[in-house]
Amino acid sequence: MAKRLTQREHYDTLINQYDTWMFDCDGVLWRGDHLIDGALEALSILRERGKRIIFVTNNASKSRRSYKGKFDQLGVEARVEEIFGSAYASAVYISSVMKIPKDKKVYVIGMTGIEEELREEGVSFIGGTDPADNTLEPFSLANFTLDPDVSAVLCGLDVQINYTKLSKAFQYLTRNPGCQFLATNEDSTYPSADGLLPGAGAISAPLRFATEREPISIGKPAKTMLDCIQAKIHFDPKRTIMIGDRLNTDILFGHAGGLATLLVMTGITLEADITGPNASAIVPDYVTASIGDLRAVKP
């Protein structure tokens with residue numbers, strides 16, 4: 001059973017127990033373009049106590065450098081090397097794990113963040129924001145030329161998803177031998193300032209149904225994301241805690257990596273998801289109403 005944090009001594013003990021603090025962002029530090037009350041003070045308290053902070057997000061719409069712009073806009077202190085997004089992890093996976101040959105390409109369903117990270121890793125790609133794929137014209141196989149060099153399809157959040165992109169991705173997955181199916185993450189939804197919207201998992205769902213294939217998911221809760229972080233930053237999993245708002249990504253990610261987990265109730269998860277007859281089988285180590293509750297340790 002998760003431990004409910006409500007008193008100053010609870011938060012003092014928690015802070016003293018962990019050296020590395022991994023934060024999800026949407027639903028934990030902010031919702032849309034609005035900061036969660038007390039988030040800045042909580043981060044400041046942790047930094048003042050010498051804690052290492054890492055931001056781990058499944059958001060693949062922005063590169064790490066672009067995503068830092070959101071931190072700056074909201075006044076959240078963060079360095080690029082502290083930010084790990086699923087677009088970055090996907091690019092690292094393709095270049096370092098798949099070791100895609102230089103003459104091969106990735107077909108992208110996604111936005112500029114994926115393209116920027118692939119470019120940084122030296123991975124060639126087509127699709128994405130290409131105007132030819134962002135068209136309202138009906139797709140026709142008669143006008144389509146298969147590129148034999150496409151060896152993977154990478155699918156992330158794409159707010160301009162259309163039938164052309166799905167059709168081209170389908171062609172590569174079913175006609176190019178050995179073409180791998182990758183997803184930046186499989187979040188069903190994501191929280192905007194005004195409510196929930198379909199997430200990257202909803203974008204890849206039509207391809208999963210059409211191809212009868214499951215993609216390799218890179219982002220949380222897959223351990224691939226943690227491996228990417230460990231390759232760049234040394235930390236002791238036993239002295240590390242993952243803070244998130246979603247049970248099946250953030251908390252499961254922490255469990256998979258042997259990390260402690262703290263659930264905050266400012267995002268996706270509802271009270272009914274963790275208590276009562278229909279509670280999830282995924283149980284965090286700790287629960288608190290908001291990350292702003294860490295302010296209880298202040299004199």
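For the single chain, residues carry numbers from 1 onward in sequence order.
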Quick one: side chains of residues 84-94, donor-acceptor pairs under 3.5 Å with protein atoms, not counting sequence neighbours, listed by atom name and distance.
residue	atom	partner	partner atom	Å
Ser86	OG	Asn58	O	2.7
Ser86	OG	Asn185	ND2	3.4
Ser90	OG	Ser86	O	2.6

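Judged by distance alone, the side chain of Lys104 and the main-chain N or O of Pro101 form no donor-acceptor pair under 3.5 Å. Looking at Asn134, its side chain does come within 3.5 Å of a backbone N or O of Asp130 through a donor-acceptor pair. Under the 3.5 Å distance criterion, the side-chain polar atoms of Asp273 are matched with a main-chain donor or acceptor of Leu270. Checked by atom type and distance alone, the side chain of Asp133 never pairs as donor or acceptor with a backbone atom of Thr164 at under 3.5 Å. In this structure, the side chain of Asp24 does not engage the main chain of Thr57 through any donor-acceptor pair within 3.5 Å.
Between Asp158 and Lys165 a salt bridge is recorded (basic side-chain N to carboxylate O distance below 4.0 Å). The existence of a salt bridge linking Glu81 and Lys232 is excluded, since no basic side-chain nitrogen approaches an acidic carboxylate oxygen closer than 4.0 Å. Between Glu271 and Arg4 a salt bridge is recorded (basic side-chain N to carboxylate O distance below 4.0 Å). Salt bridge absent: Arg31 and Asp26 never bring a charged side-chain N and a carboxylate O closer than 4.0 Å. A salt bridge does not link Arg52 to Asp19: none of the charged side-chain nitrogens sits closer than 4.0 Å to a carboxylate oxygen. Using a 4.0 Å cut-off between charged nitrogen and carboxylate oxygen, Glu116 and Arg65 do not count as a salt-bridge pair. Between Asp33 and Lys70 there is a salt bridge, with a side-chain nitrogen of the basic residue lying less than 4.0 Å from a carboxylate oxygen of the acidic one. Between Glu82 and Arg47, at least one side-chain nitrogen of the basic residue sits less than 4.0 Å from a carboxylate oxygen of the acidic one, meeting the salt-bridge criterion. Using a 4.0 Å cut-off between charged nitrogen and carboxylate oxygen, Asp250 and Lys220 count as a salt-bridge pair.
Atom CG of Leu136 sits in a sparse spot, with 12 or fewer heavy atoms from other residues, nucleotides or ligands closer than 6.0 Å. Around the OH atom of Tyr163, the shell of radius 6.0 Å holds no more than 12 heavy atoms that belong to other residues, nucleotides or ligands. Open room surrounds CD on Glu137; 12 or fewer heavy atoms of other groups in view lie less than 6.0 Å from it.
If you chain together hydrophobic residues whose side chains sit under 4.5 Å apart, Val28 and Leu14 fall into the same group. No chain of hydrophobic side-chain contacts below 4.5 Å, direct or via other Ile, Leu, Val, Met, Phe, Trp or Tyr residues, connects Val76 to Val80. Cluster membership check: Ile53 shares its hydrophobic cluster with Leu262, using side-chain heavy-atom separations under 4.5 Å among Ile, Leu, Val, Met, Phe, Trp and Tyr. Linking Ile, Leu, Val, Met, Phe, Trp and Tyr residues whenever their side-chain heavy atoms come within less than 4.5 Å places Leu173 and Ile126 in a single cluster. Val150 and Leu182 fall into different hydrophobic clusters, where Ile, Leu, Val, Met, Phe, Trp and Tyr residues are linked whenever their side-chain heavy atoms come under 4.5 Å apart, directly or through other members.
In this structure, the separation between CD1 on Ile114 and CZ on Arg119 is 12.0 Å, given to the nearest 0.5 Å. Here the CG atom belonging to Leu207 is positioned 6.0 Å from the SG atom belonging to Cys155, to the nearest 0.5 angstrom. Between the CD atom in Glu9 and the CG atom in Leu5 there is a gap of 11.0 Å [rounded to 0.5 Å]. With rounding to the nearest 0.5 angstrom, the CZ atom of Phe139 is 10.5 Å from the CG atom of Asn162. Separation of atoms CD1 (Ile36) and OG (Ser290) is listed at 6.0 Å; rounding is to 0.5 Å. Within the model, atoms CE of Met225 and CD1 of Ile218 stand 9.0 Å from one another, a figure rounded to the nearest 0.5 Å.
A search for side-chain contact (heavy atoms from CB on, under 4.5 Å) contacts involving Pro284 returns Ala2, Leu247, Ile251, Thr261, Leu263, Val287, not counting sequence neighbours. Residues meeting the side chain to side chain donor-acceptor pair (under 3.5 Å) test with Lys62, sequence neighbours left out: none.
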Worked verdict on Ile216 versus Phe181 for side-chain contact (heavy atoms from CB on, under 4.5 Å): CA-CA 6 Å; Ile216 296 171; Phe181 186 12; over 6 Å; no
Derivation of the side-chain contact (heavy atoms from CB on, under 4.5 Å) call for Ile268 and Thr249: CA-CA 11 Å; Ile268 296 291; Thr249 54; over 6 Å; no
Derivation and outcome, side-chain contact (heavy atoms from CB on, under 4.5 Å), residues Leu154 and Ile109: CA-CA 6 Å; Leu154 175 59; Ile109 293 180; over 6 Å; no
Between His255 and Met242, does the side-chain contact (heavy atoms from CB on, under 4.5 Å) criterion hold? Intermediate values first, please. CA-CA 9 Å; His255 289 174; Met242 176 69 205; over 6 Å; no
Applying side-chain hydrogen bond (donor to acceptor under 3.5 Å, both in side chains), run through Ser151 and Gln180 and close with a yes or a no. CA-CA 6 Å; Ser151 60; Gln180 294 213 41; over 6 Å; no
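By the 30° and 60° cut-offs, the orientation of the rings of Tyr172 relative to Tyr107 is tilted. The aromatic rings of Phe23 and Phe55 sit tilted relative to each other, their planes meeting at an angle between 30° and 60°.
Between Thr184 and Leu157 the shortest heavy-atom distance is OG1-N, 4.4 Å. Scanning both residues, Met22 and Val56, for their nearest heavy atoms gives CB-CG2, 4.0 Å. Across Ala132 and Thr135, no two heavy atoms sit closer than the pair O-CG2, 3.4 Å. Across Asp245 and Thr269, no two heavy atoms sit closer than the pair O-OG1, 2.7 Å. Tyr11 and Ala296 get closest at one heavy-atom pair: CD1-CB, 3.8 Å. Gly156 and Ala200 make their closest contact through C-CB, 3.9 Å (heavy atoms, listed as atom of the first residue, atom of the second, distance).
Using a 4.5 Å heavy-atom cutoff, the side chains of Cys25 and Phe71 are in contact. Residues Asp37 and Arg295 have side chains in contact (heavy-atom distance under 4.5 Å, counting atoms from C-beta outward).
Aromatic ring centres of Trp21 and Phe235: separated by at least 6.0 Å.
A donor atom on one side chain and an acceptor atom on the other are not found under 3.5 Å apart for Gln171 and Ser167. With hydrogens and angles left out, the side-chain atoms of Ser63 and Ser66 include a donor and acceptor closer than 3.5 Å.
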